[in-house]
Structures are given as structure tokens and as C-alpha cells.
Protein chains: 2
Amino acid sequence: MLSSIHSRAVTIRPRRYQKLAVACEADEVVYFVRAGALALSAGLPNGRRQILSILYPGDVFRSALTPSPALTGLSAVTASAEVWRLRWPTFEALAAGDSALQQLFDSLITDQAARLAMHIAIIGSLGADERVASFLVEIALRLGAPVAGGIAFEIPLTRTDIADYLALNADTVSRIMSRLRAKGVLAQSGRSLMICRDMKALESQSPFSAALQQICARARRAR
Amino acid sequence: MLSSIHSRAVTIRPRRYQKLAVACEADEVVYFVRAGALALSAGLPNGRRQILSILYPGDVFRSALTPSPALTGLSAVTASAEVWRLRWPTFEALAAGDSALQQLFDSLITDQAARLAMHIAIIGSLGADERVASFLVEIALRLGAPVAGGIAFEIPLTRTDIADYLALNADTVSRIMSRLRAKGVLAQSGRSLMICRDMKALESQSPFSAALQQICARARRAR
DNA sequence: CGTAGATTTGAGTTCTGTCAAATTTTGTGG
DNA sequence: CCACAAAATTTGACAGAACTCAAATCTACG
């Protein structure tokens, strides 16, 4: 199924912060994330930025589901990434003849809407420590791999990006992660490689860890 | 087109805070809001609540596009409301034979995703005054009617609901609205009826007023 | 007309943002 | 492989915005 998409798609390898077009000659477009991570972000006149959602490998992006391009932009947040791009009509034609693809796409889009809703709940109702914990739980679920002393994962965002995602400030994010390190919950090697030594403790700090697990499990089932 | 929906739908008139089922015997459901307003909200273990989105007359709600029912709930926020409910399979069959309906539904769902994204941007990147201003601009656009001294609209939410929507605190919302009243931007009669005497001033306080207008215009065109 | 509930307002506190400086990482060129 | 420069992160001190709590006031509704 993926190979049929690949054969009709344009493969793009954007570098960090490179923008991806959300339209192609008036046609809506669809992106399939293969490696790295993308962020859909809203820019403000005053220079502030809010990341609306982060797309990991396996996720899709459909440009119709965002506010005007004047407000929002899609870009890579990892040093490098790989995405496949199709025009919407091309994808639609492909999906029309492939009900499994259709179903996969629906379920991916649905999951994404659920994650958007989750994101609002996290930003709106949690304090800074809880937000960071929720973010780490999500990353661990999406990108984590069990290793000797816990679960290892690479955070594909800079502290500033994490802050923009969580509606916090980079300094605050750094402070909270230092605290987690001091408590022995997190171990860090280099800037982005983390090992969570105590997943239970991390989860207990996120009021939404159960919901995050549920969303993630549903997504895994679909793939 | 609406009458064909109406004839297949169950009409419900929920009272304030009455919950609406997001599933009907394992079937997904679709709601069409006809009067009043609904809120999709997430509840937290600690009793806090976050309203994810507000649905006004003309909006639709599809239960697949939310996280687990354990986390979120749909309920009326006005004293009374009217909604039409259909099971997803029923609606799907109806839409299959009516491309205009299909198109309308798509565009309503799309608008809603855009509004969710907008909501994240508002909550995440704006200060309290800007959030309230944005909310009032949105309400004025959706529900406002021009009258002698400005634009009149009825706020269909309590202060607490507004606070839960904007990720603020009811006291703070009240304080900000008092300030707007003192500045002569807003006039109030009773608890919920407002007249905005200076729309320009209000818009200038919301960095997203242009984007809100765009979303609203697009929605109006679709209807 | 009275009451229950919602809103308003003030005072004090807490959390997070801001700014600046020190430190660590990363990436590049020799 | 090492040194160096640029960039990201960390940390501390301080300021300010928004929250909490409590009391007063107002509305809606029976």
C-alpha cells in the first residue's frame, strides 16, 4: 500500500525549519511523514509562535484541515526529515481504488483530530510540570524503545520548539527537565537523547497519561 | 437538504449541562446544532475542565473526531438547545446520494478543524485580555446583529464556561470584561446580552481578528 | 419579593516569563 | 583527531500576570 503512494509521490528531504508548501497550484496537498518530524505552527504578528501539532513518522498531513496559510505554516523541526507529498486529487484517485488505503487515511486523520483536542486539554488545563511530563510521555510512547535502564528516545525538537508546543518558555522547559534529571526520572546524553529511568513516575505527573496511551494504542492498531 | 436530514434525525432539546451521547449502540453519531450552543469538554481527575470547542447553530459534530469518551463529553451550555442526531451509518447513506450534502458536511468539518487549531493558537500564545477579546470577536461574528449603537449579541455561556474555554479563571474573565465596559467598548444589559460599541477597538485587541473573520466568512459561504 | 446562584471586586500569593550571564554541545575546518 | 566558533541550553535573580480566596453585589426565576 505504501509503495503505491511512494510511486505517485514527490519525496522531499527538508532541513530544519524548511517550510513545506501547503498548496500546489491551487490543489490541496497531502504529506506522509517518513522520517524526522514536522510541526504545524501558527505565527503571530508580535513574533510569538505556537506549534499546533507535531507530526511523527507514520503521520499524515492534509492541508485542508488547517486555518489559512497566512496564519499557519508546516515545516520540519528535525535537522533532516523525509516526507512524501501528493496532490489531493492524485491521492483521492489512489484511495478511490483502494479501500484499505482509504480506511488507513481516515483513521490517521481521526487520530490527529483527537491529538489536537488532547493538545488543547494539555495546554489549557495543566501546569508547566504536567505539560512537560505529558509531552515526554507522548514522545516515549511514539518514539521510545526499551533499553537496559529504562526507555530511550530521542527528542526531535529543540527546547524552544518544545516550549512553543507546550505554550511555555524555553527557560521554564529547561528548568523542569533539569528537575526531572535531578530526581532521577530522566537521564540525558547529549542534547536530545533521553532515557526515562522511571516511566511510572513520569506518568504519575501527567494527568493525561492514560488518554495518551489510548490514543497511541489506537494509532498503532491502525498502522 | 436540511429537511432530508431532519426527517431521518432524532430531535433533542437538551437543557444546560445535559450530556449528549457520543455513541449510539456502538455506532458513531452526528449532531447538527440548530439552536443554543454545545460544548465539547475534557474533564480532569482534579476537577478542572477544559472546553475544547463550542458549537453554534449551523455547526456539526462527529464523534469520531474526539479523544476517548472517558476523557471528553458533549453537552449543552445554553439553558436550552435544539440538536438533530443521526447515527453515522444513516447519515453516510444519506450523503452518498446527495453530493451537495456531502460537500457541505466536509466543509463544516474542515472549518471545525481550523477552529480547533485557532483555539490552540489563542490559548497558547495570547495573554488574558487578548483571549477574551478574541472570544468576543468570534461571538460577534457568529451571533452578532447590527443595532443602533453597535453590534448586539448574546453570550451563550456563563463566565465559568468562558473561562474554561479560554483556559482562564472566571474571576479574571469578569475583571477583563469590566475593564472593557469601563472603556466603553462593551455595554451590557443583564448577564448575557452585550452590545459592542466599538468593534474596531475590540478587534485591535485580538491579534487573530483577521484570521477569525476569514474562518467565519468561509463558513458563511459554505452554508 | 425573596432566594439561590452567578458575577464582581479586592488583597495577597504563586507560578511562569524575562533578562542576563555562564556553560555545554554541536558542527566545521585544519 | 583537535581546536574553535556558533548555537543551544542551563541557571539565577527578579518582575509581572493570573490565580485563589473571601466578601459583597447583582440577576434570574419561582
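Since the structure is predicted, the reported quantities are computational estimates derived from the model, not experimental observations. Note: hydrogens, waters and symmetry copies are ignored here, and every other heavy atom, side chains too, is used. Order of the sequence lines fixes the chain letters, A, B, ..., with proteins taken first and strands second; residue numbering starts at 1 for each chain.
For DNA chain D, the neighbouring residues in residues 128-139 of chain B, judged by any heavy atom under 4.0 Å, are B/Ala128. The stretch residues 180-195 of chain A touches DNA chain D through A/Arg181, A/Gln188, A/Arg191, each having a heavy atom within less than 4.0 Å of the strand. The stretch residues 147-166 of chain A does not touch DNA chain C, since none of its heavy atoms comes less than 4.0 Å from the strand.
For A/Ser206, the side-chain hydrogen bond (donor to acceptor under 3.5 Å, both in side chains) criterion is met by A/Ser134, not counting sequence neighbours. Scored by the side-chain hydrogen bond (donor to acceptor under 3.5 Å, both in side chains) test, B/Ser192 finds B/Glu154 as partners (sequence neighbours excluded). For B/Arg13, the side-chain hydrogen bond (donor to acceptor under 3.5 Å, both in side chains) criterion is met by B/Glu82, not counting sequence neighbours. Under the side-chain hydrogen bond (donor to acceptor under 3.5 Å, both in side chains) criterion, A/Glu203 pairs with A/Gln213, not counting sequence neighbours. Checked against salt bridge (Lys or Arg N to Asp or Glu O under 4.0 Å), A/Glu130 has no partners two or more places apart in sequence or in another chain.
Each of B/Ile176 and B/Asp171 was matched to the nucleotide of DNA chain D holding its nearest heavy atom; the match closer to the 5' end belongs to B/Ile176.
Distance alone, capped at 3.5 Å, is enough to place a donor-acceptor pair between the A/Gln112 side chain and the A/Val60 backbone. Between the A/Ser174 side chain and the A/Ala170 main chain, no donor and acceptor come within less than 3.5 Å of each other. Side chain of B/Gln50 to main chain of B/Tyr165: a donor-acceptor pair is present (N/O by atom type, distance under 3.5 Å, no hydrogens or angles).
Put simply, the side chain of A/Leu157 reaches to within 4.5 Å of the side chain of A/Phe135, judged on heavy atoms. At a threshold of 4.5 Å between non-hydrogen side-chain atoms, the residues B/Asp111 and B/Asp59 do not count as touching. B/Met194 is listed as a side-chain neighbour of B/Met177, based on a closest heavy-atom distance under 4.5 Å.
For residues 169-196 of chain A, the salt bridge (charged side-chain N to carboxylate O under 4.0 Å, His left out) pairs, not counting sequence neighbours, are A/Asp129-A/Arg179. Residue pairs meeting the salt bridge (charged side-chain N to carboxylate O under 4.0 Å, His left out) criterion with at least one partner in residues 38-50 of chain A, sequence neighbours excluded, are A/Arg49-A/Asp161, A/Arg49-A/Asp164.
In this structure, A/Phe32 and A/Phe105 have tilted ring planes: the angle between them lies in the 30° to 60° band.
Think of the region where chain B sits on DNA chain D: with heavy atoms and a 4.0 Å cut, that region ends 5' and 3' at D/dA18 to D/dA28. Chain A approaches DNA chain C within less than 4.0 angstrom (heavy atoms of the protein), and the contacting nucleotides run 5' to 3' from C/dT16 to C/dT26.
Counting any heavy atom pair closer than 4.0 Å across all strands shown, A/Ala167 reaches sugar-phosphate atoms only and no base atom.
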Q.
Set out, in order, the CA-CA distance, both residues' side-chain angles and the distance that settles side-chain contact (heavy atoms from CB on, under 4.5 Å) for A/Tyr31 and A/Leu20, then state yes or no.
A. CA-CA 9 Å; A/Tyr31 286 101; A/Leu20 298 168; 3.6 Å; yes

